[in-house]
Amino acid sequence: MLIKTFGATVQGVDATLITIEVNSSRGCMFYLVGLPDSTIKESHQRILSALDVSGYKLPTTQLIINMAPADLRKEGSAYDLPLAIGMLASTKEIGLDKIERYLIMGELSLDGSIQPIKGALPMAIKARELDLDGFILPIQNAREAAVVNKLKVYGVAHIKEVIEFFLGKRELENTVVDTRKEFYQQQSNFEYDFSQVKGQESVKRALEVAAAGGHNLIMVGPPGSGKSMMAKCLPSILPPLSLGESLETTKIHSVAGKLTQNTSLINTRPFRSPHHSISTVAMAGGGMFPQPGEISLAHHGVLFLDELPEFTRNVLEVLRQPLEDRKITISRIRYSIEYPASFMLIASMNPCPCGFYNHPTKPCVCSSSQVQKYLNKVSGPLLDRIDIQIEIVPVSFDQISDKRPAEPSSAIQERVLKARQIQTERYKDEESVFCNAQMTPKLLAKYAQPSEDGLALLKSAMEKLNLSARAYDRILKVARTIADLDNEITVEPEHLAEAINYRNLDRDNWAK
Ligand SMILES: Nc1ncnc2c1ncn2[C@@H]1O[C@H](COP(=O)(O)OP(=O)(O)OP(=O)(O)O)[C@@H](O)[C@H]1O
Ligand SMILES: [Mg+2]
């Protein structure tokens, strides 16, 4: 007897329906066809054990199972549950009519309990699209899938529940998540707040500008100057996520299997800070069973690379395409997939191997060639994509022992939001430009042209400081953001002057 069940596979961040056809006939063989990988082939044994423990037995008939579409590779053990239900149904144990109306996914343990899966959210979106009656999945993933409106989501813990449901012997509980409510419960109490940072007004200002225009930023300074601390404060001044952004980010974390059982929506901007020993695959994504990497987990949030020169060159090189395109395409022999990767890059580094180059009081023991070599570990094309480069000097004892709290993040965020509103209005007709950092040369010419005085200042600064040509566009973009923070329509000399200050590493005379 031929029966069908439905599962799904995820490619990139979208799910595709997988039809599982089971045909049982006389004989006692087990065939699995349709490009399954070895983990699925092993499912036979898990299924037999799980059914056995639950008190169901598969008669010794010949089972032919086909997973369609056949040209799509199916991986992992998450098909155990739809396979098991299909196999059981093909032996007339279970009422047939309902099975085809559900998407079923879950990994089985030998005792029949159901283990969590990855990618529940995109699968739920697919189930909703296909107008199925419901999505039966591991209880651990139920809240994640329930974010999708108008879809019945049934979290289950044991295969017995599923079998009894299809036999009409029990009801399954529908998991309901109020997406809007969940989303609006945005945390506003961040762990790190700028009120804890003493002094460092100019660095805070640079971070405010970066947040206001979506600019990438690098901080260069000696150990203990507060680089890591201030980077961690950044999410508290960024604009809150929109519901659309929140869903996109949640989807990626769902595909990566990074959502906890209690999480349905990620409602704050992610802050990812991978260690410098990270591999290229972990950073960019991909691998045997393709997974999103850190750059995609940081989608709509911050990717913080502490001690930038310590990352391997390959890892840093891989950032170049996504920094430009805001997504990453991974092409391998077996697959080609795309993950979104629109993040703000915040990097930090010591100025030299000993850490004290340019330090106001401590002497640096590095030669100038050592300093240069250290900086050169970060390639030009990568630095080129970082609009704001600032030096940090540690605060004095007097400042650090000051008991008065500094300006809170909420006040800074208010200014950031105002500047962002101006940009939203300005770019409302552009397809993929949302903030100043994303301006194309055409937009730059239209919106960021300085006044006569400004041009003269820029020219003399570029000559005097020996600024490279590539710094020119960066300065204009950042100056546009500073003008927006000032609520000015034109880019004035003072805006340019501040932007020029943010090109510390670009000067030819760094480390000379
Ligand atoms: N301006 C400041 N206000 C308050 N605390 C500060 C400030 N600067 C540094 N600190 C304190 O010093 C600690 C060390 O700072 P942090 O780890 O951010 O330095 P860093 O620049 O990242 O150093 P490293 O190069 O060693 O990583 C912080 O945890 C914080 O307690
Ligand atoms: Mg640090």
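Just follow the structure's listing: the first ligand is 1, and inside any ligand the first atom is 1.
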- Note on the structure: heavy-atom search around atom 7 (C) of ligand 1 in the protein gives Ile400 CD1, 3.7 Å

- Item | Close N or O approach (Met229, ligand 1; < 3.5 Å) | yes

- Below 4.0 angstrom from a heavy atom of Asn350, which ligand 1 atoms are there? Numbered from 1 as shown, please. 25 (O)

- Message: Polar contacts were defined as any N/O atom of the residue lying under 3.5 Å from an N/O atom of the ligand; does this apply to Gly226 and ligand 1?
- Response: yes

- Task: Kindly confirm or rule out an N or O of Lys198 lying under 3.5 angstrom from an N or O of ligand 1.
- Result: yes

- Within the distance-only criterion (no hydrogens, no angle test), does the side chain of Ser296 pair as donor or acceptor with the backbone N or O of Ala341 below 3.5 angstrom? no

- Protein heavy atom under 4.0 Å of atom 2 (C) of ligand 1: yes

- Item | Side-chain ion pair, Arg420 and Glu425, N-O less than 4.0 Å | no

- Item | Option passing side-chain contact (heavy atoms from CB on, under 4.5 Å) with Arg205 (candidates Ile412, Asn501, Leu485) | Leu485

- Item | atom 27 (O) of ligand 1 - nearest protein heavy atom and its distance | Glu307 OE2, 3.2 Å

- Message: Strictly below 4.0 Å, N to O, side chains only: are Glu191 and Lys232 in salt-bridge contact?
- Response: no

- Side chain Thr179, main chain Val147, donor-acceptor under 3.5 Å: yes

- SB check Glu463 Lys459 (cutoff 4.0 Å): yes

- Item | Pair Asp193, Ser236: side-chain N/O donor-acceptor within cut-off below 3.5 Å | no

- Hey, which protein N/O/S atoms does the Mg ion (ligand 2) have under 2.8 Å? Ser228 OG

- Message: Any salt bridge linking Lys251 with Glu248? Criterion: basic side-chain nitrogen under 4.0 Å from a carboxylate oxygen.
- Response: no

- Can you find an N/O atom of Asp306 closer than 3.5 Å to an N/O atom of ligand 1? no

- Query: With the threshold set at 4.0 Å, does a side-chain nitrogen-carboxylate oxygen contact exist between Arg426 and Asp484?
  - Reply: yes

- Given side chains that start at C-beta, do those of Glu317 and Arg320 come closer than 4.5 Å, heavy atoms only? yes

- Looking only at distance, does Val197 have an N or O less than 3.5 Å from an N or O of ligand 1? no

- Shortest protein contact, atom 22 (O) of ligand 1 (heavy atom only): Ser228 OG, 2.7 Å

- So which bit of Pro222 gets within less than 4.0 Å of ligand 1, heavy atoms only: side chain, backbone, both or neither? backbone

- Message: How long is the straight-line distance from OH of Tyr502 back to CD1 of Ile390, given to the nearest 0.5 Å?
- Response: 7.5 Å

- Message: So for Gln196, does at least one of its heavy atoms come nearer than 4.0 angstrom to any atom of ligand 1?
- Response: yes

- Item | Ser451 side chain to Glu492 backbone, donor-acceptor under 3.5 Å | no

- Message: Under a plain distance cut-off of 3.5 Å, with no hydrogens placed, do Thr260 and Thr263 share a side-chain donor-acceptor pair?
- Response: yes

- Task: Could you list the atoms of ligand 1 found under 4.0 angstrom from a heavy atom of Val395?
- Result: 1 (N)

- When you measure from atom 13 (C) of ligand 1 to every protein heavy atom, which one gives the shortest distance, and what is it? Gly224 O, 4.9 Å

- I would like to know whether Lys204 and Glu407 meet salt bridge (charged side-chain N to carboxylate O under 4.0 Å, His left out); could you show each step before the answer? CA-CA 10 Å; Lys204 286 189 212 170; Glu407 185 181 33; over 6 Å; no

- Is a salt bridge present between Asp387 and Arg474, judged by a nitrogen-to-oxygen distance below 4.0 Å? yes

- Query: With a 4.0 Å cut-off, strictly under, does atom 31 (O) of ligand 1 pick up any protein heavy atom?
  - Reply: no

- Item | Nearest non-hydrogen protein atom, atom 25 (O) of ligand 1 | Lys227 NZ, 2.8 Å

- Message: As an exercise, identify every atom of ligand 1 less than 4.0 angstrom from a heavy atom of Gln200.
- Response: 1 (N)

- Message: I'd like to know if Ser225 contacts ligand 1, where contact means a heavy-atom distance under 4.0 Å to any ligand atom.
- Response: yes

